[in-house]
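Beneath this line is the structure, given in structure tokens, with notes to follow.
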Number of protein chains: 2
Amino acid sequence: MKTIKDIAKELGVSVSTVSRALNDNPDIKKETKEKILEGIKRLNYTPNANARSLIQKKSKMVGLMLSDITDPFFSEIALGIEEVLSAEGYQVIYGNTLLNPDKEKEVLSSLLQRKIDGLIIKPGALDEELLNIVEQLDIPVVFLRKLKEYEQHLKVSSIDVNHYESAYKAVDHLINLGHDNLGFIGISKKASEGEDRLKGYINCLENQNISYSDDNIVIAGTKIEHGRKGVEKLLEKTPNLTAIFAANDLLAIGALEWLAENNYKVPEDVSVVGFENLEISSLHWIKLTTVDLPRKEIGVQSANMVVNMLSSETIKKEEVELDTTLIIRKSTGKVKYLNIN
Amino acid sequence: MKTIKDIAKELGVSVSTVSRALNDNPDIKKETKEKILEGIKRLNYTPNANARSLIQKKSKMVGLMLSDITDPFFSEIALGIEEVLSAEGYQVIYGNTLLNPDKEKEVLSSLLQRKIDGLIIKPGALDEELLNIVEQLDIPVVFLRKLKEYEQHLKVSSIDVNHYESAYKAVDHLINLGHDNLGFIGISKKASEGEDRLKGYINCLENQNISYSDDNIVIAGTKIEHGRKGVEKLLEKTPNLTAIFAANDLLAIGALEWLAENNYKVPEDVSVVGFENLEISSLHWIKLTTVDLPRKEIGVQSANMVVNMLSSETIKKEEVELDTTLIIRKSTGKVKYLNIN
DNA sequence: AACGTTACCGGAAACGTTACCGGAAACGTT
DNA sequence: AACGTTTCCGGTAACGTTTCCGGTAACGTT
């Protein structure tokens, strides 16, 4: 493994000069710089970024902690992040948390040992211990979700979609179609987005004076099969509902699947709206009305936040909420008795 | 930022002793070790992995270069890789190549500057320049695809699914169902997997003495819309075909979509088999017969190859091909004239 | 009591790089 | 011709670790 010293010796210059050639330092003659750069290519030398990090006290690396890169939602965010960070000369070190608090701590610890310059994280549980660690960090941190009340004192930025507004919009669409007996299939309430989407659903109903009860709400999970079980339970409790809002597309697709298998017609018998706008939601058999999230934009903006804080040297807290758009497809339609008119 | 020196001074010991406490070195009394570990927690000190890498001449980092993390195929591989590597104490540095040769070189260069201990890569074009770089690497390298003929001299390992066999199996299934007028919708031939799948298709036909021509083959692309256009063109050229083998699931799903929209019945009119077994391929409306690939296994094994080479200190070349399983669902059935019997 | 062995610890060098300082040559100015 | 300024370069310290060497104290053995 060649070092800067080898290059210096080989070319008959000092290490300082080689370093200058590498770092666009002006204190070097044009010809010597060219000679050195040529020599570096010829002897195929690669600088040691770790040694550089050591003395410069910045690593040019940013940590990215996600629950699961397999989730298309996150992988697209990751793509956006990688795009802007690599363009700015940063490397992304990625760690899977798998929603496991222990793994989360472990991964964070190893990222910090690597002396990352910044951190982008979709926090899971974030127990007290982890909260303390995050609190003590003196690097830019961006949360990929809204800050909870008890996290407000943290000096971390956040970026997220406005889940409440988006859910409200989706339910409002159903109500405008004449539906007044709705059902909700939700993801776990522990996740803040789950709570916000439920709140949007409920508030919309309340504002429009539409009655509802616990029978109209089922907390199912996050995957297709949960959606299947979700509708089934929902229709047991309230058989005469005409519209369903599912808190994510996979739940909605699961619901659609169950409905199709049980001879319900969509949207004639039941309208369904989802949340996330997966690629498959536009398929011929699905054509799901859903809320589109600016996934890549979340990644791009979160990375930009880190870069900005890093270049401005001041860690300025920022909380942004991105807007969403409702995509209306064929899974929602006017309620039956209105069609009779 | 606290260093090991601060800890040493604070606790009245030498830096060597602190280092010993951190690295499970036996030359330290139990009580002092405990005292130091306690002190480290209390003063919340994090070791600097870059400094450690510098002197140990190994970074405990492995590079992972993929074309696109958004692809569910790769993201699941990435998950498997991350799982075993992090368990072995390695960190994964991830870089997107986006199938862009320039970006590929750039990313590889920055990974090498980071002095990664190993590299797992799904190479794209791999032009001469890149080939040279890879050739000169003295770290374990694993390709996530079969080595091409002109790459055989490289000291890199490889892992892949047996695309030829798998395709053969899929087509054989169709022939066993009585089909003798088949069509192929392919991904680009440039990708070696595309070529191998086509070869499997052709050889199976030849071995069973089934005639075919260029009219039975369409090279479409990789996405759903390409599948749509693919079938259309295929049916224009050979309207009387009864079965289609699509080189990946998205193509197959696109084909199914177009067939559904144009009032073809599947499998009564046309049987369709895909390749990859995406999660959505099992959906009620799709139920695609397809080849299941051990995605996560690819990730796990590739990571293990790197770990093994790293621990055995000898870079031993290894080329593995994993088996696949044909998953038979409802998109394939006996050919019509056989059903008449 | 003398010795060898073990257990434990501190000091200093080294890893590959950049930052800083100082100096020599070249140049321009008066 | 004398001086100040600029241009360019080399030497050395520093970054935060680990590794190596050496040394002291405690212990056991004869």
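Per chain, numbering begins at 1; letters A, B, ... match sequence-line order. None of these values were measured; they are calculated from a predicted model.
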Take atom NZ of A:Lys60 as the centre, draw a 6.0 Å sphere, and report whether it contains more than 12 heavy atoms from other residues, nucleotides or ligands. yes
Gap between atoms [atom1] and [atom2], on [X] and [N] respectively (whole Å):
X        : N      : atom1 : atom2 : value
A:Arg114 : D:dT17 : CZ    : P     : 13 Å
A:Ile36  : D:dG10 : CD1   : C1'   : 12 Å
B:Asn50  : C:dA14 : CG    : P     : 22 Å
B:Lys29  : D:dA25 : NZ    : C1'   : 10 Å
B:Asp6   : D:dC15 : CG    : C1'   : 13 Å
B:Ile28  : D:dT19 : CD1   : P     : 14 Å

Quick one about [Y] and [X] (side-chain donor to acceptor, distance below 3.5 Å, no hydrogens or angles considered), yes or no?
X        : Y        : result
B:Asn96  : A:Glu83  : no
B:Asp71  : B:Ser67  : no
A:Glu195 : A:His163 : no

Estimate the overall bend of the helix from C:dA1-D:dT30 to C:dT30-D:dA1 from the end axes over five pairs each, rounded to 10 degrees. 40°
Summarise how protein sits on nucleotides 15-25 of chain C as a single string, 5' to 3': B when a protein heavy atom is under 4.0 Å from the base, S for sugar-phosphate-only contact, - for no contact. BBBBB------
Flag, side chain of B:Glu151 to backbone of B:Lys148, donor-acceptor distance under 3.5 Å: yes
Residue list, salt bridge (charged side-chain N to carboxylate O under 4.0 Å, His left out) with A:Asp24, at least two apart or on another chain: A:Lys33
Do the charged groups of B:Asp138 and B:Lys155 touch, with an N to O distance under 4.0 Å? no
Sugar-phosphate, base or nothing in reach of A:Ser53, heavy atoms under 4.0 Å: nothing
Can you find a heavy atom in the side chain of A:Ile159 that is under 4.5 Å from one in the side chain of A:Phe143? no
